[in-house]
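See below for the structure under consideration.
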Amino acid sequence: GLDRAVDAAESSHVVVLNADDSFEPGGLEALVDVVEASDPPDLVIGGLRVLDEHGETFRIQRTRRMRVRDILLDRDYPWNPACMAYARSLHDVVGRYHEQEPLFDLDFLLRIARITRPVLIEEIVGCFNMQPDSLTVRRLRAGELEGMIADLFLRFERTLPWPTRLHLAARRGLRALRRHLRGRS
């Protein structure tokens, strides 16, 4: 359904809003201001308000860079598409959402992170509602979500060029060594 919506869109950029999520007041306008500029970026990301099951702010999540290595090593990516807008033309380059991929939105983000850098804005744009009956919360409570993300990251990493894979392995090794050395002091 999401691919059909993207195909039907007539605008240059797409914003995805899932059923339980919303925009913060002025959030959509903040995205539109950036994508209507004379030279619009391929990807714009703002802040994301994460609400717990009681509707209380659990966290304000912000993406710092969203490069491939930041995503894979630091999990630095938007947790929900409600805080971003992306160029519809990215689908021509990286392909459609993969229906068979349970984390299709994260899979798509990984693919576009290979080719573009986001423009980051300060405004809190979207609101991610952690409703108890949502698929995300059910996966989180069942202890499945972390494993699903790790599996997706591993499959994605295997598609990267060898030098990038070696760089990631070296950075992981250095981090493990630092943790080990901190534990000895």
Side-chain angles (χ1 to χ4, degrees), residues 1-52 55 57-99 101-131 134-136 145 149 152-153 156-157 159-160 164 168:
L2 190 51
D3 282 324
R4 281 183 272 164
V6 170
D7 291 342
E10 295 180 8
S11 63
S12 65
H13 285 69
V14 175
V15 176
V16 176
L17 195 61
N18 293 317
D20 292 334
D21 302 321
S22 60
F23 290 114
E24 288 286 294
L28 181 58
E29 293 81 1
L31 292 174
V32 169
D33 286 346
V34 177
V35 301
E36 285 187 341
S38 60
D39 185 23
D42 286 336
L43 179 62
V44 182
I45 301 172
L48 179 71
R49 182 178 309 279
V50 182
L51 299 179
D52 66 16
T57 299
F58 168 70
R59 179 173 181 184
I60 302 294
Q61 191 250 348
R62 295 188 185 280
T63 302
R64 295 182 311 271
R65 288 181 293 268
M66 209 186 96
R67 295 177 300 201
V68 168
R69 72 174 184 234
D70 300 318
I71 294 172
L72 296 176
L73 295 174
D74 299 327
R75 304 247 171 137
D76 186 13
Y77 60 88
W79 293 353
N80 186 287
C83 67
M84 62 185 202
Y86 67 87
R88 197 170 48 124
S89 61
L90 288 173
H91 286 277
D92 297 333
V93 180
V94 302
R96 301 166 69 82
Y97 289 102
H98 295 148
E99 289 180 26
E101 175 56 59
L103 302 174
F104 62 89
D105 48 355
L106 181 52
D107 171 66
F108 183 72
L109 273 175
L110 285 166
R111 289 183 281 138
I112 65 174
R114 291 176 84 166
I115 63 167
T116 191
R117 297 290 167 259
V119 168
L120 304 174
I121 59 176
E122 284 298 313
E123 290 87 350
I124 299 173
V125 172
C127 187
F128 179 25
N129 295 295
M130 300 288 284
Q131 298 294 321
S134 73
L135 188 56
T136 301
L145 189 58
I149 293 171
L152 174 62
F153 284 3
F156 176 75
E157 193 169 328
T159 70
L160 297 173
T164 304
L168 289 168

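Throughout, residue positions are numbered sequentially from 1 according to the sequence presented.
Side chains of L90 and I115 form a contact here, defined as non-hydrogen atoms less than 4.5 Å apart. The shortest side-chain heavy-atom distance between F108 and H91 falls under the 4.5 Å cut-off. Using a 4.5 Å heavy-atom cutoff, the side chains of Q61 and N80 are not in contact. Between H13 and V44 there is no side-chain heavy-atom pair separated by less than 4.5 Å. At a threshold of 4.5 Å between non-hydrogen side-chain atoms, the residues M84 and Y77 do not count as touching. Using a 4.5 Å heavy-atom cutoff, the side chains of L48 and P78 are not in contact. Using a 4.5 Å cut-off on side-chain heavy atoms (C-beta onward), F153 and L106 make contact. The closest side-chain heavy-atom distance from W79 to T136 is not below 4.5 Å.
Note: I124 CD1 to F23 CZ = 14.5 Å, rounded to the nearest 0.5 Å. D42 CG to S12 OG: the interatomic distance, rounded to the nearest 0.5 Å, is 10.0 Å. Of the inter-residue distances, the one linking D33 atom CG with E123 atom CD reads 8.0 Å to the nearest 0.5 angstrom. Interatomic distance, R69 CZ to D74 CG, rounded to the nearest 0.5 Å: 9.5 Å. In this structure, CG on L110 lies 9.0 Å from CD on E101, to the nearest 0.5 angstrom. R59 CZ to F128 CZ: the interatomic distance, rounded to the nearest 0.5 Å, is 12.0 Å.
Shortest non-hydrogen contact noted between M66 and R117 is O-NH1, 4.5 Å. E122 and R62 get closest at one heavy-atom pair: O-NH1, 2.7 Å. Minimum interatomic distance between L72 and L168 (heavy atoms only, all atoms of both residues): CD1-CD1, 3.6 Å. Closest heavy-atom contact between A113 and I71: CB-CD1, 3.6 Å.
Put simply, the residue from V125, T63, I121 that forms a side-chain contact (heavy atoms from CB on, under 4.5 Å) with I45 is T63.
Remark: side-chain polar atoms of R111 are not paired, donor with acceptor, to backbone N or O of F156 under 3.5 angstrom. With hydrogens and angles ignored, the 3.5 Å screen pairs a side-chain donor or acceptor of D76 with a backbone N or O of R65.
Within 6.0 Å of the CZ atom in R4, the count of heavy atoms belonging to other residues, nucleotides or ligands does not exceed 12.
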Given C127 and L51, is the side-chain contact (heavy atoms from CB on, under 4.5 Å) satisfied, shown in steps?
CA-CA 7 Å; C127 187; L51 299 179; 3.3 Å; yes

Go through it in stages, so that I can follow the logic: the residues are D21 and L17, the test is side-chain contact (heavy atoms from CB on, under 4.5 Å), and I'd like the CA-CA distance, side-chain angles, deciding distance and then a yes or no.
CA-CA 6 Å; D21 302 321; L17 195 61; 4.2 Å; yes

